[in-house]
Amino acid sequence: MTKDRRAALVRITGRVQGVCFRDWTREEAEKLGLDGWVRNESDGSVTALIAGPDGAVSRMLDHFWKGPPGASVADVASEEASSAEAPAGFRITRG
């Protein structure tokens with residue numbers, strides 16, 4: 001991972017399923033030029049892998065706290081990840 005590129009594995013909890021959180025995440029990530037994926041989890045959370053320029057990753061982490069209309073985010077937990085694990089582009093996947 002280069003100094004200006006980073007990746008984060010993120011778990012978002014709260015009311016984040018059934019409110020278009022995955023579609024919103026993909027749209028926001030594409031606006032920021034991020035690579036990665038997002039998926040729903042069986043426990044009601046959403047997990048995302050985001051990779052790209054450090055500033056864009058930081059902005060996306062901030063965006064996760066708000067989410068789309070209708071979402072109620074309780075927590076955003078992130079850990080550093082390898083940017084090599086992120087696919088090119090951004091996609092919605094299944095868990």
Side-chain angles (χ1 to χ4, degrees):
M1 185 165 35
T2 65
K3 183 179 178 184
D4 63 341
R5 184 169 168 84
R6 70 184 262 221
L9 184 63
V10 187
R11 181 173 181 263
I12 305 102
T13 57
R15 189 161 71 98
V16 294
Q17 289 189 19
V19 293
C20 297
F21 205 98
R22 293 176 300 160
D23 288 333
W24 173 86
T25 297
R26 182 179 58 199
E27 290 172 12
E28 293 299 310
E30 288 174 347
K31 287 178 192 174
L32 292 169
L34 295 171
D35 295 321
W37 51 260
V38 62
R39 69 178 179 224
N40 283 342
E41 301 293 349
S42 60
D43 66 359
S45 67
V46 169
T47 301
L49 176 66
I50 56 173
D54 184 49
V57 170
S58 293
R59 283 191 296 281
M60 190 68 202
L61 291 171
D62 289 341
H63 289 331
F64 280 135
W65 280 101
K66 182 177 180 189
S72 178
V73 176
D75 190 43
V76 176
S78 68
E79 62 185 56
E80 293 300 312
S82 169
S83 62
E85 296 176 26
F90 203 91
R91 64 183 70 146
I92 296 172
T93 65
R94 294 181 185 254

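All values below come from the heavy atoms of this structure, side chains included, with hydrogens, waters and symmetry mates left out.
For the 3.5 Å distance criterion, the side chains of Ser78 and Arg11 fail to qualify, holding no donor opposite an acceptor.
A donor-acceptor contact shorter than 3.5 Å is absent between the side chain of Asp35 and the backbone of Ala86. With Arg15 contributing its side chain and Gly70 its backbone, the two residues share a donor-acceptor pair below 3.5 Å. Using modelled atom types, one side-chain atom of Gln17 and one backbone atom of Ser45 make a donor-acceptor pair closer than 3.5 Å.
Note on ring orientation: taking the six-membered ring where Trp is involved, the planes of Phe21 and Phe64 are parallel (angle under 30°, cut-offs 30° and 60°).
The CG atom of Leu9 lies 6.5 Å from the OG1 atom of Thr47; values are rounded to the nearest 0.5 Å. Rounded to the nearest 0.5 Å, atoms CZ (Arg39) and OG1 (Thr93) are 5.5 Å apart. One distance of note links OG1 of Thr13 with CG of Asp75; it measures 4.5 Å at 0.5 Å rounding. Note that CH2 of Trp37 is 11.0 Å distant from CD1 of Ile50, once rounded to the nearest 0.5 Å.
In plain terms, the two heavy atoms of Ser82 and Ala7 that are nearest each other are C-CB, 3.8 Å. What you find for Arg22 and Ile92 is that their closest heavy atoms are NH1-CG2, 3.6 Å. When every heavy atom of Ala29 is checked against every heavy atom of Phe90, the shortest pair comes out as CB-CD1, 3.5 Å. Pairing each heavy atom of Leu34 with each of Ala56, the nearest pair is CD2-CB, 3.8 Å.
Side-chain contact between Met60 and Glu28 is present, with at least one heavy-atom pair separated by less than 4.5 Å. Val57 places none of its side-chain heavy atoms less than 4.5 Å from the side chain of Pro53. A 4.5 Å side-chain heavy-atom check between Thr25 and His63 finds every atom pair outside the cut-off.
The existence of a salt bridge linking Arg59 and Asp62 is excluded, since no basic side-chain nitrogen approaches an acidic carboxylate oxygen closer than 4.0 Å.
Follow the hydrophobic side-chain contacts under 4.5 Å out from Leu49 and you never reach Val10; the two are in separate clusters.
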